[in-house]
Amino acid sequence: MLRKVLVMEETSTPRAQWLRGVLDMCLLALMAEAPVYGYEMTVRLAKAGLDVADGSIYPALARLRKRELVEIERRSGDGGPARTYYRPSEAGVQMLRSWGRDWNEFATSIGSIISRTTREES
């Protein structure tokens, strides 16, 4: 089992690893714009340049739901099955704000390190 985890980490792209770390925050941000269903989140993430498989979205949504950061609403589909729409709970909105502040600080820190390195190479 340990070997499988190591192999996965060795073969994953850095971008995929970064996305795993911020997927919950990205999903909450999409929901904060308007209630949204799972597949639509996948499409919107892809349009933003973040390719996420459906198989990653639903476990993340379950995690958010378990932590009571999202609320759901079942709506009948247009001729299809009912869809589950997600929106952040009040706790989810507050968590998104907190994660957003943390992300901005983190990204600024990483950016300052990388920009120093790239300047030195020029």
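We number each residue from 1, following the sequence as shown.
In terms of modelled atom types and a separation under 3.5 Å, the side chain of S98 and the main chain of Q94 share no donor-acceptor contact. When atom types are taken as modelled, the side chain of S89 and the backbone of E68 share a donor-acceptor pair closer than 3.5 angstrom.
Atoms OG and CD1, on S109 and I114 in that order, are 11.5 Å from each other to the nearest 0.5 Å. For the atom pair OG of S56 and CG of L45, the computed distance is 10.5 Å after rounding to the nearest 0.5 Å. Atoms CG and SG, on D24 and C26 in that order, are 9.0 Å from each other to the nearest 0.5 Å. Here the straight-line distance linking atom CG of L61 with atom NZ of K66 works out to 15.0 Å at 0.5 Å rounding. Between the CD atom of E90 and the CD atom of E71 there is a distance of 9.0 Å, given to the nearest 0.5 Å. Atom CD1 of I57 sits about 5.0 Å away from atom CG of L23, to the nearest 0.5 Å.
Around CZ of R87, the count of heavy atoms belonging to other residues, nucleotides or ligands within 6.0 Å exceeds 12.
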The test is side-chain contact (heavy atoms from CB on, under 4.5 Å); show your working for V22 and W103 and say whether it passes. CA-CA 9 Å; V22 296; W103 172 256; 3.6 Å; yes
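Contact check for L28 versus L64: side-chain heavy atoms found under the 4.5 Å cut-off. Taking 4.5 Å as the limit, some side-chain heavy atom of Y86 sits within range of a side-chain heavy atom of M41. The shortest side-chain heavy-atom distance between L50 and R15 falls under the 4.5 Å cut-off. Inter-residue side-chain proximity for L27 and V70 is flagged as unmet; no heavy-atom pair is nearer than 4.5 Å. Contact annotation: the side chain of L69 never approaches that of L96 to less than 4.5 Å [non-hydrogen atoms, C-beta and beyond].
Salt-bridge annotation for R75 and E73: present, with a side-chain N of the basic residue lying under 4.0 Å from a carboxylate O of the acidic one.
Note: the hydrophobic cluster containing W18 does not contain V52 (ILVMFWY, side chain heavy atoms under 4.5 Å, direct or indirect links).
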Would you tabulate the side-chain donor-acceptor contacts of residues 30-40 under 3.5 Å, counting partners in other chains and residues two or more places apart, or write 'none'?
| from | atom 1 | to | atom 2 | distance (Å) |
| --- | --- | --- | --- | --- |
| E33 | OE1 | R44 | NH2 | 2.1 |
| Y37 | OH | R83 | NH1 | 3.4 |

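The minimum heavy-atom distance between W99 and R67, with the atom names listed, is CZ2-NH1, 3.8 Å.
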